[in-house]
Amino acid sequence: MDTQKFIEHWKRTHYCGELRASHIGQQVVLFGWVGNRRDHGGCVFVDLRDREGIAQVVFDPSLAPGPEIPSSPDEIKASYALAEQMRSEWVIAIRGVVVSRGANANPKLPTGEVEIRVVQTEVFNRADTPPFEIVDDLDTREEVRLQYRYLDLRRAPMQKTLRLRHKINQVARNYLTGIGCYELETPFMVKYTPGGARNFLVPSRHNAGKFYALAESPQLFKQLFMVAGFDRYFQIVKCFRDEDFRLDRQPEFTQVDIEMSFVNQDDLFTAVEGLLVRVFRESLGIDLEQSYPGGRFPRMKYDESMRLYGNDKPDLRFGMQHVDLTDLVIEHKGGGVPFLADIAKRYEDGTLRRDLPPEIVKGMIIPADAGMSRTEADKLEVVAKSMGAKGLARAKVAADGAWTQSPLAKTVTPEMRLAINKALGAKDGDLILFQFGKAAMVHTVLANLRVLIAKKLGLIPEYGHGGKFQFLWVVEPPMFDYDEETKRWAAAHHAFTRPHDDSVPFIESDPGKVLCYRYDLVLNGFEIGGGSIRLHDPEVQKKVFRTLGIEQEEARQKFGFLLDALRFGAPPHGGIAIGWDRVAMLLSGAESLRDVIPFPKTQKGTDQMTEAPNEVSAEQLADLHIQTVVAKE
RNA sequence: GGGCACGUAGCACAAUAGGAUAGUGCACUGGAUUGUCGAUCCAGGUUAUGCGAGUUCGAUUCUCGUCGUGCCCGCCA
């Protein structure tokens, strides 16, 4: 076996994927990986692949190039001998002449009109057989792909995705620089602040028993940039959160983080809309201004989003809105349905109140033409139960408005039945789904069912955008959430969000009424961005802390540096963080965040390739002044 | 913390209702082959039922545990 060769005199003239008919007659030097190889005895075809694409190279000693191409018969013969041995994923260099393929052109390849007749060959690496084929439509477990991620990334779709990421980063940098933002860096190793996402901790060798936290976002620091007078900032930055993972959540992920001074919510929206219009135009060639005149995205109030879709990130590519039936049920005193009567009664006697986290009744229709079978509908109940529902009551609507296939049908009063049909707009053959109980549960269940059913019915694809991009700003959420467990009000976003001016009087008297300048940007049912206008008024800030039950002393301890900064001349400011991996995922139509992150982690946070996280030696732990309590095997 | 699903050769999948020597395609190996491009033809099974226990005459199949992976709920200000 030869030793591995290094590059000496070889200089690449072109990428494989860029050769066209215009190159015919030229001498070229290509580097690349051996893809498909077709051996015909007297001649060998090799698909040579690099990041730009594939070119067919021909090893055929019987075809000498013209006198204008320097070559030797010995080199040509040696090349053919090497080609006989070549295998997939060998790394080679070839020198040759570009010739027309004439009638043999391959219309499937961009380079299909030409091929390269080889006159000289070098083998840099005789690769082992890879564990899976390097092909576009790979059908291999993700586990294996992640274990050999460098091979997975060699595949054209992954190359394309990462090129897209490069592109959108470049566009973001250009655009944000263009609107006056500085790209400034913030520390990853920061002080732990309670609340919010769990932090990864980093032990400090120099400070026994103390820890840094990995920043869950640059939030506090970007506000300090505003206080410092930089006016506008952005950063393409990694964030770290030690929470449980999902299809669209990784322990470390990338945000485009933006903060601007002297702006209101509209100014921020304009900036972000402009960014996304540019990103879509320059990466996918899609003109968002066609569907969004002036490049402005629609807005929906948080309350309306919850009412119609059950969450704050509705997928607007399809309908199937929810309908709140609570008032109707109360009015009919439960309409003969025992469990509904129970709720109605408790509203009447005051056990339940609309101004508290309520119990509600909601309905949703699966249209008749969806053709959902009874068996399929039964399966939905299993799904609903897995999300905390006690069941999934349903009723099929007949032509005369009667209900069938339903335990409710026997007892429901005709009056309420018709009222519900009317409220839902139910027609012959429609299937009504009901959900009742704690509002949070009802919303979770119906919101998830809505998306699940839409996928099942083909209203939206299982994965990907299906050519549709539906943006939405969700605005005016409540400032505080009531935590039933601790019986306390908690900041729904964070304690430094600006309340609406007309909400300020309620901060202490009726916190549930307070709305704020928080906003989420939603694309196809994914939250791709979120931010707020910040609260830079120390007096209002004090009220907020009082409602949260945080004493001044405690606030000082937790956020002292920020509170100080806000007193030393803080401009009005606000910002947003855009989940850049999610944007890349939605742009590329990928099935998960892992497909747009070069080296992602599994759902348990492990790296299949490097086997991180791993155990470390007792010496290392001692150096860091820490002990583990996990039993050693 | 909880629910559901999956794990058979390098990869993807199969194996009647618990039954025979665990099969097929691709990949791979050797040979043939001068216009292929998912090349073709001939030949070859190459450390395969994740791991452990149980039930059984007999387990890829059933049960329990465990490990790994995925999806979801909680969580993610």
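Nothing here was measured: the structure is a model prediction, and the numbers come from that model. Computed from heavy atoms alone, side chains included, the values below leave out hydrogens, waters and symmetry copies.
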**OP:** Test for a donor-acceptor pair under 3.5 Å between the base of C75(B) and the side chain of R249(A), counting only N and O atoms.
**Re:** yes

Subject >> Pairwise P distance for U61(B) and G50(B), with rounding to whole Å >> reply: 8 Å

Original post:
Using the P atom in both, what is the distance from U16(B) to G7(B), to the nearest Å?
Top reply: 14 Å

Subject >> Inter-nucleotide P distance (G44(B), G38(B)), Å rounded >> reply: 28 Å

Original post:
Side-chain N or O of K604(A) less than 4.0 angstrom from OP1 or OP2 on C67(B)?
Top reply: no

**OP:** Mind calculating the distance between CD (E243(A)) and P (C76(B)) to the nearest angstrom?
**Re:** 6 Å

Original post:
With rounding to whole Å, what would you report as the distance between A20(B) and U63(B) at their C1' atoms?
Top reply: 25 Å

Original post:
OP1, OP2 of U29(B) versus side-chain N and O of R87(A): anything below 4.0 Å?
Top reply: yes

Subject >> Those residues of residues 444-454 of chain A lying under 4.0 Å from RNA chain B by at least one heavy atom >> reply: T444(A), N448(A)

**OP:** Please report, rounded to the nearest Å, how far the P atom of A5(B) is from the CD atom of E143(A).
**Re:** 18 Å

Subject >> Integer angstrom distance from the P of A9(B) to that of A14(B) >> reply: 13 Å

Subject >> Atom C1', compared across U29(B) and U66(B): separation rounded to whole Å >> reply: 38 Å

Original post:
Do the side-chain N or O atoms of R594(A) get closer than 4.0 angstrom to the phosphate oxygens (OP1, OP2) of C71(B)?
Top reply: yes

Original post:
Do Q608(A) and U69(B) share a donor-acceptor pair, side chain to base, under 3.5 Å?
Top reply: no

Subject >> Carboxylate-amine/guanidinium proximity below 4.0 Å for K456(A) and E376(A) >> reply: no

**OP:** Encode nucleotides 6-11 of chain B as B, S and - characters from 5' to 3', where the letter depends on protein heavy atoms closer than 4.0 Å: B to the base, S only to sugar-phosphate, - to neither.
**Re:** --S-SS

Original post:
Watson-Crick or G-U wobble partner for G52(B), using a 3.5 Å limit on both distances?
Top reply: C64(B)

Subject >> Residue-phosphate contact under 4.0 Å: R38(A) side-chain N/O, U33(B) OP1/OP2 >> reply: no

**OP:** Name all residues meeting the salt bridge (Lys or Arg N to Asp or Glu O under 4.0 Å) criterion together with D378(A); count only those two or more places apart in sequence or in a different chain, and write none if there are none.
**Re:** R394(A)

Subject >> Between A22(B) and A59(B) - C1' atom distance, rounded Å >> reply: 13 Å

